[in-house]
Structure formats: C-alpha cells, structure tokens
Engineer: 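The following block contains the structure, expressed as structure tokens.
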Amino acid sequence: MTAEPTASTRCGFVALIGAPNVGKSTLVNALVGSKVTIVSRKVQTTRALIRGIVIDNNAQIILVDTPGIFAPKRRLDRAMVSTAWSGAHDADLVCVLLDAKAGLDEEADGILSKAASVAHEKILVLNKIDLVPREKLLALAKAANDRMAFARTFMVSALSGDGVDDLRQSLGDMVPAGPFLYPEDQMSDAPMRQLAAEITREKIYQKLHQELPYQSTVETDSWTERNDNSVRIEQTVFVERESQRKIVLGKGGATIKAIGADSRKEIAEILGVPVHLFLFVKVRENWGDDPDRYRQMGLEFPKE
C-alpha cells in the first residue's frame, strides 16, 4: 500500500551521477540514514540502480544510485555506463557529484560534458570537502558552474555527514508535488535477497581487493524464514577461473569463513534477527558474457 496522496506531499526520483569512487554510495547511505548500497574501496561496485528512499518532512525522495561513469572497456562496463545515463534521463532531478579533492579532472570533465544533455534540473554536489581548503572548494564550485547551469550547489562530506542535512532538505523541497510512491517504513526497494548478496560481495572485496579481479558476483540462492524467527540464507559466489575460486576459499576454507562471518553479522544487524549464512564458491566461466546474469543484476545486456 502506498501512502494516501495529499495536497502537500512531494515525491520524486533523484539520480546521483559521478565518476567511480566519488562517494555516491556513501552519500545515499548518509541521506537515508541506513546502509542500502554497497560501499567498497574497489571501483565499480554499484552495478544496478539500487534506490534509497528518504522521507524529509512531507517529501519522499527516491535516490537512484547509478554505477560510476567511466570509460567502458568490457561488456559489463558498457552495461553499467548505459544504466547510469538512463537513470539520469529518467529521474526528476540529477545530482552531479564531484570529488572535491580530485577537482575537475578528465573523468569529471567528461561527466559534465555529457550531463549537459540531461534535460532535468541539475544540482552540483562537491563531496569530500573535509579534505580540501575552503578557497579551493569555492574555486571548484565556480569552475563547475561556469561549465554548466546548476540550480544549486552543495558542499558535503558524505563520510562525516557534514552538509548532508541541508542537501536532504533541499532535495525534499525540489522534488515535484505528488503522492508518496513507497510505504513510509520502506528504506530501499532493493529486495533483501539482493542487498544480502551485495553485502557479501562487499566483504569479498574488503578481504581480497588486491588479489581478486573485479569480475566476481554473488547470488542469493535461498532465503528461508524459520520457526525460531531466524533466517537461513544460502549464497553462491561465482568467479571465472579455478585459480580465483582457490583465492576466495583460502587455505583450509579460512578466507570464505571470515567473509561469511562478516557478512552474516551485518545482514543480521539489518534484519534484526539471527542469520544462518552458508556460502558456496563456484566457477562460472565467462559469466560476464551471459545475458541472464545481467538481468539478475538489473542491467541491460549490451549487444556488442
């Protein structure tokens, strides 16, 4: 059931676009006040349009956390970039995130050029302001606004929360009038099965971010709510080669056991009930060329 429409409510989709590692996922989590997207040191961790849902007074803000926009090399890369731009074109508002420390580098420059084609109102968000002197921030804000007409400019630190409340309130004021699209207690429309898989994938990256190539994925195979109020979850970690499977398992299964313990703890915190998590590691060669895998991740399969 969605909330009853009233004359005073506002609701809209806000797309966050930016280069990899600019802090989009961290900002979504800060705005929502709960973890809804995977955050990792490894670039390209957000693969699909996982939405965070924020209620601010009488406004519902539906955040579309798009994959980082970068120069695509593989089929999976092209799918993510295409998804990111479609998310921007479909939203009511677009937040262009820049890394204040990196400034207007080549990636930021490319994003500003392409964002100019998005018809919606655009908001500039300078993130990681705690790492940059104020004079440099002001110069960066001016340079970006000279490049493109932004409706508003915000300076935030998604990590510390500095400036996040002001951004949340302004987004609430700027989304169009209309009824809420989601129940008020629903923070994300990403199914819990998908979120649980994302959490496990994050733990894999935290443990193996240098040893394991980017192309690994996690799928939640079963989700059983038991009579004792606990949840039993089975997940499979897919890698492309046997050598990668050995890395994920670790000596005597120690690595996968540690990954499972970390993931289980976090999933249990989010669900508020005990969790029994069972992880399996399988080789699925060339999964990056399988259209079914893309559909499961919420991505369009690029034809070439």
Side-chain angles (χ1 to χ4, degrees), residues 25 28-29 32 34-40 42 44-53 64-67 76 79-80 83 182-183 185-209 212-240 244-245 247-250 253 255-301:
S25 295
V28 168
N29 293 337
V32 174
S34 174
K35 181 162 186 167
V36 291
T37 69
I38 183 172
V39 178
S40 169
K42 200 171 183 79
Q44 288 326 312
T45 49
T46 304
R47 286 179 175 166
L49 301 178
I50 299 174
R51 296 171 179 86
I53 299 167
V64 184
D65 179 31
T66 63
L76 179 61
M80 290 192 292
T83 300
Y182 292 92
D185 61 350
Q186 191 170 335
M187 290 182 303
S188 170
D189 76 344
M192 280 309 306
R193 291 170 69 113
Q194 183 187 345
L195 180 56
E198 290 288 278
I199 289 168
T200 299
R201 194 156 65 91
E202 178 184 41
K203 303 311 175 192
I204 293 169
Y205 286 150
Q206 287 175 350
K207 288 269 191 265
L208 301 169
H209 67 106
L212 191 69
Y214 164 57
Q215 275 183 306
S216 64
T217 189
V218 178
E219 293 177 12
T220 300
D221 304 312
S222 71
W223 182 290
T224 309
E225 295 183 6
R226 296 166 30 144
N227 293 334
D228 62 0
N229 202 33
S230 67
V231 175
R232 186 185 196 279
I233 303 168
E234 290 186 9
Q235 294 179 333
T236 301
V237 180
F238 288 104
V239 293
E240 289 203 312
Q244 296 170 0
R245 193 178 84 91
I247 291 171
V248 176
L249 287 172
T255 303
I256 194 67
K257 194 177 287 185
I259 289 165
D262 288 351
S263 182
R264 181 194 59 75
K265 184 181 176 196
E266 185 159 324
I267 295 167
E269 284 174 2
I270 290 173
L271 293 179
V273 299
V275 167
H276 309 280
L277 178 63
F278 299 87
L279 298 181
F280 307 91
V281 187
K282 294 182 182 177
V283 176
R284 182 189 273 154
E285 291 183 10
N286 301 320
W287 74 262
D289 295 323
D290 183 349
D292 286 342
R293 302 281 79 75
Y294 285 72
R295 280 192 283 276
Q296 288 178 5
M297 290 189 288
L299 296 172
E300 284 286 321
F301 182 72

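Along the sequence shown, residues carry numbers from 1.
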Engineer: Mind checking the CD-CD1 spacing from Glu198 to Ile267? Nearest 0.5 Å is all I need.
Structural biologist: 11.0 Å
Engineer: Give, for atom CZ of Arg264 and atom CZ of Phe278, the distance between the pair rounded to the nearest 0.5 Å.
Structural biologist: 10.5 Å
Engineer: For Glu225, does the CD atom sit with more than 12 other heavy atoms under 6.0 Å from it, leaving out its own atoms?
Structural biologist: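 Open: at most 12 neighbouring heavy atoms sit under 6.0 Å from CD of Glu225.
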Engineer: Supply the atom-to-atom distance Ile256 CD1 to Lys207 NZ, rounded to the nearest 0.5 angstrom.
Structural biologist: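 It comes to 11.0 Å.
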Engineer: What are the two closest heavy atoms between Glu240 and Gln244, and how far apart are they?
Structural biologist: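 Smallest interatomic distance, heavy atoms only, reads N-OE1, 2.9 Å.
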Engineer: Between Asn229 and Val273 (side chain of the first, backbone of the second, donor and acceptor by atom type, cut-off under 3.5 Å), is there such a pair?
Structural biologist: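 No, because the side chain of Asn229 does not come within donor-acceptor range (under 3.5 Å) of the backbone of Val273.
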Engineer: Starting at CD1 of Ile233, measure out to OG1 of Thr224 and round the result to the nearest 0.5 Å.
Structural biologist: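 Rounded to the nearest 0.5 Å, the CD1-OG1 separation comes out at 9.0 Å.
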Engineer: State which residues pass salt bridge (charged side-chain N to carboxylate O under 4.0 Å, His left out) with Glu234; sequence neighbours excluded, sorted by chain then number.
Structural biologist: Arg232
Engineer: Rounded to the nearest 0.5 Å, how far apart are CD1 of Ile204 and CD1 of Ile247?
Structural biologist: 12.0 Å
Engineer: Not counting sequence neighbours, which residues clear side-chain contact (heavy atoms from CB on, under 4.5 Å) with Asn227? List them please.
Structural biologist: none
Engineer: Atom CH2 in Trp223, atom CD in Gln235: separation rounded to 0.5 Å?
Structural biologist: 8.5 Å
Engineer: Minimum heavy-atom separation for Ile259 and Lys203, please, with both atom names.
Structural biologist: CG2-CB, 3.9 Å
Engineer: Locate the shortest heavy-atom distance separating Ser263 from Ile199; write the atom from each residue and the value.
Structural biologist: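 That closest heavy-atom pairing would be OG-CG2, 3.7 Å.
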